[in-house]
Engineer: 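What follows is a single structure, and I will ask about it in a moment.
Just the heavy atoms: all of them, side chains too, but no hydrogens, waters or symmetry mates, feed the values below. Quantities reported herein were computed from a predicted structural model and do not represent experimental measurements.
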Amino acid sequence: MTTKMVVPAWMHTQIRAEQYDSWSEEQCAGIEIVDGMTVVSPRVSKHHSRLARILANALDAAAGPDWNADTDFDVRLQDVPLTNRRPDVIVYRAETIDLTPTRPEHVLLVVEVVSPGSETTDRIVKVDQYAKAGIPFYWRVEQAATGIPIVYTYVLDPATKAYRDGEMFTGTVKAAAPFSITVDLGDMRGPEKSPLSTSGR
């Protein structure tokens, strides 16, 4: 017997900002809102999640006291029609940590880690949306077949509200903007996971 999945009615109707703001965090998890319509985000792998966390930790350490770097929360790109994106990593003003929703003027950098099912959205759609919203920096992380991540960086041209290509990094990111940062993404175990540190298990 085949079980038919019942899709909630609200997934077929246009959501207003005040409706969305009344939802619980559990209701908002795993979705984005684009032009008022609910978009379910692809399920991500542990590899994807670890990439995002390593980058967020490194960015948070490099950013200084004025900026925070965190993962997986809504950025309100526009209220009407409602558009919320949930980047994998967000660098935002530390003083706005208690403000909801987070808006583009609070954000310095967003990072998207490309996964199966998000290729077109992360490479084309979000690039345009983040640029038009005025977010100064965008990084896209590609999980290459070699296992070594490739990071493409973009810098906003305020005059055209479009991104221009920045630097590209393979494995190790050594970026000067938006602040100086060096982080090795080539060894996904991280420095604390070296073979010597786990040999006693």
Engineer: Do the non-hydrogen side-chain atoms of Val39 and Ile33 ever get within less than 4.5 Å of each other?
Structural biologist: no

Engineer: Can you list the steps and then say if Leu99 with His106 is a side-chain contact (heavy atoms from CB on, under 4.5 Å)?
Structural biologist: CA-CA 10 Å; Leu99 293 181; His106 306 149; 4.1 Å; yes

Engineer: Is the side chain of Asp88 donor-acceptor paired with the backbone N or O of Glu112 at a distance under 3.5 Å, no angle test?
Structural biologist: no

Engineer: Does Thr153 use its side chain to pair, donor to acceptor, with the backbone of Glu167 at less than 3.5 Å?
Structural biologist: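 Confirmed, Thr153 side chain pairs with Glu167 backbone.
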
Engineer: Any ion pair linking Asp157 and Lys161 (charged N to carboxylate O, less than 4.0 Å)?
Structural biologist: no

Engineer: If I compare all heavy atoms of Val110 with all of Pro87, which pair ends up nearest, and what's the gap?
Structural biologist: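 Result for this residue pair: CG1-CG, 3.7 Å.
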
Engineer: Determine, for Asp74 against Arg103, whether the closest basic-nitrogen to carboxylate-oxygen distance falls under 4.0 angstrom.
Structural biologist: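 Salt bridge between Asp74 and Arg103, a charged N being under 4.0 Å from a carboxylate O: no.
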
Engineer: If we check side-chain contact (heavy atoms from CB on, under 4.5 Å) with Pro149, which of these qualifies: Leu185, Val173, Val113?
Structural biologist: Leu185

Engineer: Do Val111 and Val183 belong together in a cluster built from hydrophobic side chains that touch within less than 4.5 Å?
Structural biologist: yes

Engineer: So does Gln78 get a backbone contact from the side chain of Thr83, meaning a donor-acceptor N/O pair under 3.5 Å?
Structural biologist: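 No: the side chain of Thr83 does not pair with the backbone of Gln78.
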
Engineer: Not counting sequence neighbours, which residues clear side chain to side chain donor-acceptor pair (under 3.5 Å) with Glu142? List them please.
Structural biologist: Arg123, Arg140

Engineer: Group every Ile, Leu, Val, Met, Phe, Trp and Tyr by side-chain heavy-atom contacts under 4.5 Å, then state whether Val114 and Tyr130 land in the same group.
Structural biologist: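 Looking at the clustering, Tyr130 is in a separate group from Val114.
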
Engineer: Which pair of non-hydrogen atoms, one from Ala131 and one from Leu156, has the smallest distance, and what is that distance?
Structural biologist: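 What the structure gives for the nearest pair is O-CD1, 3.6 Å.
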
Engineer: Would you kindly confirm whether Leu108 and Val75 end up in one hydrophobic cluster when ILVMFWY residues are joined by side chain heavy atoms under 4.5 Å apart?
Structural biologist: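 No, separate clusters.
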
Engineer: Thr96 and Arg93: which non-hydrogen atoms are nearest, and at how many Å?
Structural biologist: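 Scanning both residues completely, I find the closest heavy atoms to be OG1-O, 2.7 Å.
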
Engineer: For Ser118, what residues pass the side chain to side chain donor-acceptor pair (under 3.5 Å) criterion, not counting sequence neighbours?
Structural biologist: Asp122

Engineer: Where is the tightest heavy-atom contact between Gln143 and Leu51, given as atom of each residue plus distance?
Structural biologist: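 The pair with the smallest heavy-atom distance is CG-CD1, 3.8 Å.
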
Engineer: Is Lys126 paired with Glu119 through a side-chain N to carboxylate O contact shorter than 4.0 Å?
Structural biologist: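 Not counted as a salt bridge, because no side-chain N and carboxylate O are separated by less than 4.0 Å.
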
Engineer: Step by step, would you call Arg86 with Glu32 a salt bridge (charged side-chain N to carboxylate O under 4.0 Å, His left out)?
Structural biologist: CA-CA 6 Å; Arg86 188 169 280 228; Glu32 296 178 310; over 6 Å; no

Engineer: Side chains of Val107 and Leu109, heavy atoms from C-beta outward: is any pair under 4.5 Å?
Structural biologist: no

Engineer: Can you check whether Ile90 reaches Thr71 side chain to side chain, under 4.5 Å on heavy atoms?
Structural biologist: no

Engineer: Do the side chain of Ser45 and the main chain of His48 share a donor and acceptor less than 3.5 angstrom apart?
Structural biologist: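 Checking the backbone N and O of His48 against the side chain of Ser45, a donor-acceptor pair under 3.5 Å is found.
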
Engineer: I need the minimum non-hydrogen distance between Ala69 and Ala56, along with the two atoms involved.
Structural biologist: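 Result for this residue pair: CB-O, 3.5 Å.
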
Engineer: Quick one: are Val155 and Tyr163 in side-chain contact, heavy atoms under 4.5 Å?
Structural biologist: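 No, too far: nothing below the 4.5 Å cut-off.
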
Engineer: What is the distance from atom CD of Gln19 to atom CH2 of Trp23, rounded to the nearest 0.5 Å?
Structural biologist: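 So the CD of Gln19 and the CH2 of Trp23 are separated by 7.0 Å.
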
Engineer: Is there side-chain contact between Val80 and Arg16, with at least one heavy-atom pair below 4.5 Å?
Structural biologist: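 Not in contact.
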
Engineer: Can you list the residues that meet the ring pair (Phe, Tyr, Trp, His ring centres under 6.0 Å) rule with Phe73, with sequence neighbours excluded?
Structural biologist: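 Once residues adjacent in sequence are excluded, the partners of Phe73 under the ring pair (Phe, Tyr, Trp, His ring centres under 6.0 Å) criterion are Tyr92.
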
Engineer: Any side-chain heavy-atom pair from Gln27 and Tyr20 closer than 4.5 angstrom?
Structural biologist: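 When only atoms from C-beta onward are counted, Tyr20 and Gln27 do not touch, as no gap falls below 4.5 Å.
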
Engineer: Compare all side-chain heavy atoms of Pro104 with those of Leu77 and state whether any distance is below 4.5 angstrom.
Structural biologist: yes

Engineer: With the side chain counted from C-beta on, respond yes when Val89 and Leu59 share a heavy-atom pair under 4.5 Å apart, and no when they do not.
Structural biologist: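 Contact flag for Val89/Leu59 side chains = yes.
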
Engineer: For residues Ser180 and Ala62, report the shortest heavy-atom separation together with the two atoms involved.
Structural biologist: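 Scanning both residues completely, I find the closest heavy atoms to be O-CB, 3.5 Å.
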
